[in-house]
Structures are given as C-alpha cells and as structure tokens.
Amino acid sequence: MKFFELHPLSLILFFVSAIAFTMITMNPVLLLLSFLCGFLANAFISKGRDLWIYLFLIAIIGITNPVFSHNGETVLFYLFDQRFTLEALVYGFMSGIRIVSVIYWFRLFGVVFKQDKLNWILGKVSPKLSVVFSMALRFIPLVKKNAKDIYNAQISMCSFKKDTLSGKFQLVFNVFSALVSMSIENAIDTADTMRSRGFENKNRTAYSLFSFRVKDIIFMAITIIDDILITYFLFSGIASFYYYPSMYFSGNDNKALVLYAAFAMLCALPMINDFTEDLRWKYSISKI
Amino acid sequence: MVAIKTYIKSLSALVFLLALAISASIFFQNENYMFVSLCAALISCIPFFTSFERNVNNAREIVVIAVMIALCVAGRFIFMLIPHFKPVTALIIITGMYFGTDAGFMTGSLTALISNMQYGQGPWTVFQMAVWGLIGFAAGALNKKGLLKNKLLLILFTAFSGVIYSLIMDIYTTISTENTFIVEKYIAYVMFSLPIMIEYVVSNIIFILALEKPIGKKLLRIKTKYGLFQ
C-alpha cells in the first residue's frame with residue numbers, strides 16, 4: 001500500500017503530528033529535518049514541480065527579520081542607525097524554514113486528501129456537512145457547463161456589445177442571474193428526489209471505501225510512539241534553543257539524539273513507506 | 001431559548017479548547033502564536049458546524065446551500081471576462097442575508113475549503129474558512145431584524161467585511177512569518193497590501209450593489225415558495 005492508499009484516520013494523525021510539532025518548535029535541527037522530509041515527500045510522492053519557489057520566501061523572511069527586530073549581541077552592521085544582528089538573521093531564516101515546512105506538509109495534505117478522504121473526515125465531524133461538501137463538488141462542473149450554455153445563448157442573440165466594458169458587465173450579470181435561477185430550481189428537484197429516496201430518515205449510513213488494515217495499524221503505532229517520545233522530550237526541555245540575546249543550544253547529549261531520531265522517523269514515514277513498497281514491487285517481478 | 005443554550009455550550013467548549021491550546025504552547029516553549037492562532041481558527045469553526053448539524057434538517061435547504069457554494073466557487077470562472085473582480089464575498093453576504101446565519105457560515109467556510117482545493121491548500125485555508133464563514137454569519141445575524149435592507153448599512157457592512165478580511169489575513173501573514181506579533185511588521189504588511197485591499201473593497205461594493213437586488217429577489221422567492229430557512 002502506497003502512502004496515499006492508507007486509511008484516512010492514520011493519515012490525519014500523521015499530518016496533525018507532523019504539522020503541530022513543526023509549528024511548536026524553534027530547534028534548528030528539528031526544523032531542518034522537517035523541511036528536508038517535507039521537500040522530499042512533496043518531490044517524490046506528489047511530484048511537485050514548483051517547490052523551489054518557496055526558497056525565495058525563506059530568503060525574504062530571513063533578510064527582513066533583522067530590519068524589524070534588533071535583539072541579539074552580535075552586530076553585523078548598522079542599517080539606518082539600527083543594529084543588524086546575526087541572531088535576528090538566523091532567527092528569521094529559521095522561522096522562514098518553519099513556515100515553508102508547514103506549507104510543504106499542507107501541500108502534501110492537499111494532494112493526498114482528495115475529495116473522498118476529505119469527505120470521510122468531514123463526515124466524522126458532521127454527516128450533513130459531508131453531504132453539502134460532496135454535492136457542492138458535483139455542482140461546480142455542472143454550474144460551469146450551464147454558465148457556458150447560457151453565455152453562448154446570450155451571445156447568439158447579439159444583444160450585447162462584447163468589446164465595451166459596460167456591455168461586458170451587462171452580459172456577465174445577465175448570465176449570472178439566469179444561472180442562479182436555473183441552478184436553484186434544479187436544486188429543488190434534486191432535493192425532492194433525495195427526499196423520496198429516504199434522505200431524511202434517521203438510520204442513514206454513509207458509504208465508505210476505506211478499510212483499516214494491518215499496514216494502517218503499523219503506521220499508526222509508529223506515529224503514536226513517535227508522538228509520545230517527542231512530546232516527552234520537548235516537554236522536559238531537552239534541546240531547547242535560545243536565539244536572544246545570544247544563541248544558546250542545550251541539545252547535544254544522548255537524550256536529544258533520541259528526540260532527533262524520533263522526529264526524523266516521524267517525518268520520513270511517508271518516504272519509508274513508499275520506498276519499501278517500491279522495493280517489494282521491484283523484487284516480486286517475475287524473473288521468468 | 002434552546003438556541004441560546006447551545007450557543008453558551010459551544011462557547012464554553014470553545015474557550016476550553018482555546019485555553020488547552022494556549023497552555024500546550026506555553027508548556028512547550030515561550031511563544032507559539034502560530035500554533036495557537038491556527039488552533040483558534042480551527043476551533044472557532046466547530047460550534048457553527050454543530051449548530052448546522054442540529055438546525056438544518058430539510059433536504060431542500062441542504063441542496064440549496066450546496067448550490068450557493070458551487071456558485072461562489074464557480075463565480076471566479078463566470079466573471080473571468082472582467083479581471084480582478086471576484087463575486088465571492090458579495091455572494092456570501094447575500095446568502096447570509098437571505099438564508100440566515102447557518103447557511104451563511106456554511107457557504108463561506110466551505111467555499112474557502114473547496115476553492116483552495118484548486119488553488120492549493122495551506123495554513124491560510126483555516127483562516128479563510130473562519131473569516132469568510134464569520135462574514136456570512138454576521139450578514140445573517142444583522143439581517144434578522146432587516147438591518148441590511150438599508151442600502152447605506154449594506155454598503156458599510158460590505159466595506160467593513162472586506163477590510164476585516166484583509167486585516168485578518170495580514171495578521172496571519174505576520175504571525176506565520178515571525179511566530180510573534182510585531183506591530184511595526186504588521187503595519188508594513190498592511191501598507192504593502194493596501195492597494196489590493198482597496199481594489200477588493202471597491203469590487204465588493206460594486207458587486208453587492210449590482211447583485212443584491214436581482215439575486216436577492218430570486219433567493220427570497222425560493223425561500224417563501226418552499227418555506228426554507230424559517
């Protein structure tokens with residue numbers, strides 16, 4: 001089973017822990033691990049193309065931070081009579097790396113959680129919400145198609161000048177107005193059909209394709225063990241990192257290594273999962 | 001009375017969860033504005049979703065809300081002829097005005113979620129869900145006594161919601177890049193996004209003036225004909 005084929009429950013647990021731990025830490029080792037894993041996971045699992053654009057974001061955040069924040073002991077130079085410090089620069093780059101890591105994880109979330117999984121999660125929060133969600137997703141292409149039809153009908157009546165701005169406005173508003181009537185009238189029909197098929201009955205169940213398998217149990221168990229380890233070590237103040245007034249790093253003993261290993265394991269889970277699957281696929285090809 | 005009770009219940013749950021998030025962030029490190037604000041935005045959506053789950057039972061209402069969401073998302077596509085003009089906020093306000101608070105919040109928040117499925121999810125999705133949802137909710141709450149029937153108040157409310165949307169998204173930008181809240185940096189971001197904000201507010205007012213009457217008439221007709229959202 002590839003990463004995106006796992007059960008939504010184990011996936012949501014993974015994403016929540018990866019994003020939450022990335023957001024609450026300022027430790028450079030953890031941030032770099034999260035950034036690297038997020039980048040690789042996006043590059044290999046979702047085949048993201050424009051990932052490098054975010055490096056500019058890191059640079060911008062890193063360079064603008066010392067302009068606004070003048071804490072820190074090591075003064076590099078003075079800009080408009082204000083101190084430009086090394087600590088503020090490092091802090092800026094680290095917070096840039098952190099927000100970009102969070103964005104990477106959200107990107108992977110958006111790729112992995114397509115309509116069906118998102119619908120499953122929303123259905124757990126509120127079943128009616130998931131009905132609204134899935135119906136809206138179906139109506140969007142329908143509305144677009146109807147809009148195109150109405151537009152073509154209006155154009156063929158030649159009643160609007162398409163090249164003037166006021167003509168454009170009039171045309172578009174007419175199309176939209178007709179579209180609203182059409183969609184809502186159709187919606188009432190759809191609703192009546194739903195009702196006659198027993199939508200408003202109490203004992204309604206939702207169809208879901210997902211089954212919880214052994215692989216999900218393993219995946220979830222590793223995530224939970226990592227979560228417990230990371231929470232314990234972060235809570236006990238190991239590997240805390242202070243940027244101001246001067247950089248102070250307390251995390252270079254054995255306990256901190258356990259923390260780093262657990263975090264690396266957590267962030268690399270999607271990669272490890274897909275990599276072992278690829279290996280299994282490669283070695284089970286028939287040699288005959 | 002029941003409505004007030006559920007609001008008090010969900011409000012206390014909200015305060016509790018918020019306190020939990022803040023204390024968690026204090027335990028881990030000194031300041032975690034990003035984590036807390038994301039949790040707060042996510043948590044603030046929950047009472048509205050539960051209220052929707054409880055109050056809306058009619059299949060017609062559910063389908064009409066789904067259609068309004070689809071119209072909001074596809075609105076960008078339909079108004080492609082006129083660049084920079086997106087009718088999303090105006091449509092959310094109109095939905096809230098005529099279909100009430102629950103429908104307004106649902107349309108706003110799900111529009112944010114679904115349109116970000118096309119344009120890319122990020123931490124901003126959660127904030128957009130909360131802000132657009134609250135705009136729809138506020139429109140519904142204000143129009144309960146027919147307040148927004150007044151043209152001037154409607155324009156004021158639209159401008160205000162546009163400004164608030166822009167300011168809150170700037171708060172998100174400040175917090176996400178910095179993890180703390182620095183007022184100078186926030187002001188710099190607001191200044192930077194001022195032209196976009198003005199364009200946004202002006203286009204919203206044009207849309208609400210152009211769409212409120214024709215679309216509102218249609219929604220009102222549906223509402224009275226089928227007895228929806230009473």
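Each chain gets a letter, A, B and so on, in the order its sequence line appears, and its residues count up from 1. All values below come from the heavy atoms of this structure, side chains included, with hydrogens, waters and symmetry mates left out.
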Heavy-atom cut-off 4.5 Å, strictly under: side chain, backbone, both or neither for [X] against chain B?
| X | answer |
| --- | --- |
| A/Val132 | both |
| A/Pro127 | both |
| A/Tyr104 | neither |
| A/Met135 | both |
| A/Phe199 | side chain |

Item to check | Contact winner vs chain B - A/Ile61, A/Val143, A/Ile103, A/Leu129, heavy-atom pairs under 4.5 Å | outcome: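 Option with the top pair count is A/Leu129.
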Item to check | Heavy-atom pair count under 4.5 Å with chain B, highest-scoring of A/Val180, A/Ile188, A/Ile140 | outcome: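 Answer, by heavy-atom pair count under 4.5 Å with chain B: A/Ile188.
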Side-chain H-bond candidate by donor/acceptor type, [X] with [Y], under 3.5 Å:
| X | Y | answer |
| --- | --- | --- |
| A/Ser95 | A/Asn65 | no |
| B/Tyr200 | B/Thr89 | yes |
| B/Thr125 | B/Asn116 | yes |
| A/Asn146 | A/Ser183 | no |

Checklist outcome for this item: Nearest heavy-atom approach of B/Val126 to B/Leu42 is CG1-N, 3.6 Å
Item to check | Residues of residues 183-192 of chain B within contact distance of chain A, non-hydrogen under 4.5 Å | outcome: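 Within residues 183-192 of chain B, near chain A: B/Glu184, B/Lys185, B/Ala188.
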Exercise answer: donor-acceptor pairs, residues 110-122 of chain A side-chain atoms, under 3.5 Å, sequence neighbours excluded:
from: A/Lys117; atom 1: NZ; to: A/Phe4; atom 2: O; distance (Å): 2.6
from: A/Lys117; atom 1: NZ; to: A/Val112; atom 2: O; distance (Å): 3.3
from: A/Asn119; atom 1: OD1; to: A/Ser130; atom 2: OG; distance (Å): 3.4

Acceptor/donor pairs from residues 205-212 of chain B side chains to any protein atom, 3.5 angstrom cut, sequence neighbours excluded:
from: B/Glu212; atom 1: OE2; to: B/Tyr98; atom 2: OH; distance (Å): 2.9

Checklist entry - So which of B/Phe48, B/Trp132, B/Phe52, B/Phe99 actually passes ring pair (Phe, Tyr, Trp, His ring centres under 6.0 Å) with B/Phe137? => result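 Looking at B/Phe48, B/Trp132, B/Phe52, B/Phe99, the match for B/Phe137 under the ring pair (Phe, Tyr, Trp, His ring centres under 6.0 Å) is B/Phe48.
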Item to check | Note: A/Asp50-A/Arg107 ion pair, threshold 4.0 Å (strictly below) | outcome: yes
Item to check | Contact class of B/Ile62 relative to chain A, heavy atoms under 4.5 angstrom | outcome: both
Checklist entry - Tell me, side chain or backbone of B/Ile78 under 4.5 Å from chain A's heavy atoms, or both, or neither? => result both
Next on the checklist: Looking only at heavy atoms and a cut-off of under 4.5 Å, which of B/Val73, B/Leu71, B/Val56 has the most pairs with chain A?
Outcome noted: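 Ranked by heavy-atom pairs under 4.5 Å with chain A, first place is B/Leu71.
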Checklist entry - Which residue out of B/Ile69, B/Val64, B/Val67 racks up the most heavy-atom pairs below 4.5 Å with chain A? => result B/Val67
Next on the checklist: Would the distance check show the side chain of A/Ser34 and the main-chain N or O of A/Leu30 forming a donor-acceptor pair, the cut-off being under 3.5 Å?
Outcome noted: no
Next on the checklist: Could you work out, with salt bridge (Lys or Arg N to Asp or Glu O under 4.0 Å) as the rule, every residue matching A/Glu185, not counting sequence neighbours?
Outcome noted: B/Arg221
